[in-house]
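Note sheet for the following structure.
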Amino acid sequence: DSGVTQTPKHLITATGQRVTLRCSPRSGDLSVYWYQQSLDQGLQFLIQYYNGEERAKGNILERFSAQQFPDLHSELNLSSLELGDSALYFCASSVSGVSGELFFGEGSRLTVL
Amino acid sequence: AQSVAQPEDQVNVAEGNPLTVKCTYSVSGNPYLFWYVQYPNRGLQFLLKYITGDNLVKGSYGFEAEFNKSQTSFHLKKPSALVSDSALYFCAVRDERGATNKLIFGTGTLLAVQP
């Protein structure tokens, strides 16, 4: 158990809908990262937050947004869903400092029908 | 831009034999390198990392990795494979740009250990 909690584990929805994925980082970790894992794209970095502020941004679509709340949990919002958004979405957290490894949650599997 | 490459989509090895999963990297500065393992329908688990120091890094579950600067490689190794080692393995490098620990991952190598 990495200590990172993601909900929901599975989500099935229809095209055009909006979903919210939630992540609770390990106790004491200030950074939260979101990654998308799909068969054709592999593991793609989406966005990072550090103590409530956006720290780095990857290839995140404009239809996607995220935030980190004062209690350090984070939410990834996916809107106007398309079939191609079906993927595993991982959240990870890390300690401060440049050498810290990332600890990943179990992921949220999104299926868009 | 920095990157890692995993040249093998799949590695097959017999149980009890040594295993190697290859990774090469491309960075402009000093690399921070990582290995992760992913079991089916699970998240990524950290195995080991190289930051600085000894080129041979020991990690979880008996895995180790050898950092080779001249060959820009960071191969994952284990002296004796177990069937339970069968999983998807990812090599990663820390992004050099900005104040972030975000990792850039390779495409993954599926390790299949036959009994």
Side-chain angles (χ1 to χ4, degrees), chain A residues 1-7 9-10 21 23-26 29-51 53-60 66 87-109 111, chain B residues 1-10 23 27 29-54 57-60 63 65 67 74 87-110:
Chain A
D1 183 5
S2 66
V4 178
T5 304
Q6 289 188 247
T7 56
K9 294 189 184 306
H10 301 277
L21 310 180
C23 170
S24 294
R26 294 189 320 157
D29 286 356
L30 299 180
S31 280
V32 169
Y33 309 76
W34 286 98
Y35 282 82
Q36 179 193 57
Q37 185 180 32
S38 60
L39 285 176
D40 55 344
Q41 296 286 334
L43 266 168
Q44 295 291 316
F45 169 74
L46 295 178
I47 198 163
Q48 176 200 356
Y49 279 83
Y50 177 81
N51 203 20
E53 295 191 1
E54 183 182 303
R55 177 63 63 93
K57 205 166 186 177
N59 297 324
I60 187 168
L88 255 177
Y89 292 85
F90 286 110
C91 168
S93 70
S94 72
V95 299
S96 302
V98 297
S99 62
E101 58 269 29
L102 273 58
F103 293 89
F104 283 80
E106 296 287 294
S108 293
R109 181 173 293 280
T111 302
Chain B
Q2 60 269 36
S3 63
V4 289
Q6 296 181 243
E8 302 156 316
D9 290 336
Q10 183 163 338
C23 173
V27 301
N30 293 320
Y32 293 164
L33 296 161
F34 302 79
W35 276 103
Y36 283 81
V37 60
Q38 183 180 24
Y39 297 98
N41 300 313
R42 303 295 301 276
L44 279 73
Q45 296 179 33
F46 169 73
L47 282 179
L48 50 81
K49 67 181 177 183
Y50 172 83
I51 303 300
T52 187
D54 195 349
V57 179
K58 294 189 182 298
S60 306
F63 284 94
F67 173 70
F74 188 56
L88 188 57
Y89 290 80
F90 289 96
C91 180
V93 64
R94 178 185 166 269
D95 192 341
E96 300 174 288
R97 300 168 295 178
T100 175
N101 277 358
K102 81 176 178 73
L103 300 181
I104 298 167
F105 286 88
T107 51
T109 299
L110 185 63

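Chain letters run A, B, ... following the sequence lines, proteins first and then strands; every chain starts at 1. These numbers were taken from a predicted model, which means no experiment stands behind them.
For a residue to count as touching a neighbouring chain, one of its non-hydrogen atoms must lie under 4.5 Å from one of that chain's; by this rule Glu106(A) touches chain B with backbone and side chain alike. Using a 4.5 Å cut-off between heavy atoms, Tyr50(A) does not touch chain B at all. For a residue to count as touching a neighbouring chain, one of its non-hydrogen atoms must lie under 4.5 Å from one of that chain's; by this rule Gln38(B) touches chain A with the side chain only. Residue Gln6(A) does not touch chain B at all, counting heavy-atom pairs closer than 4.5 Å. For Lys102(B), the parts lying under 4.5 angstrom from a heavy atom of chain A are both the backbone and the side chain.
If you check the side chains of Thr109(B) and Glu8(B), you find no donor sitting under 3.5 Å from an acceptor.
Ring to ring, Tyr89(B) and Phe63(B) are close: their centroids are under 6.0 angstrom apart.
In this structure a side-chain-to-backbone donor-acceptor pair under 3.5 Å is missing from Tyr36(B) to Phe104(A).
No side-chain heavy atom of Tyr33(A) sits under 4.5 Å from any side-chain heavy atom of Leu103(B).
Aromatic ring orientation, Tyr50(B) versus Phe67(B): parallel (interplanar angle below 30°, classes split at 30° and 60°).
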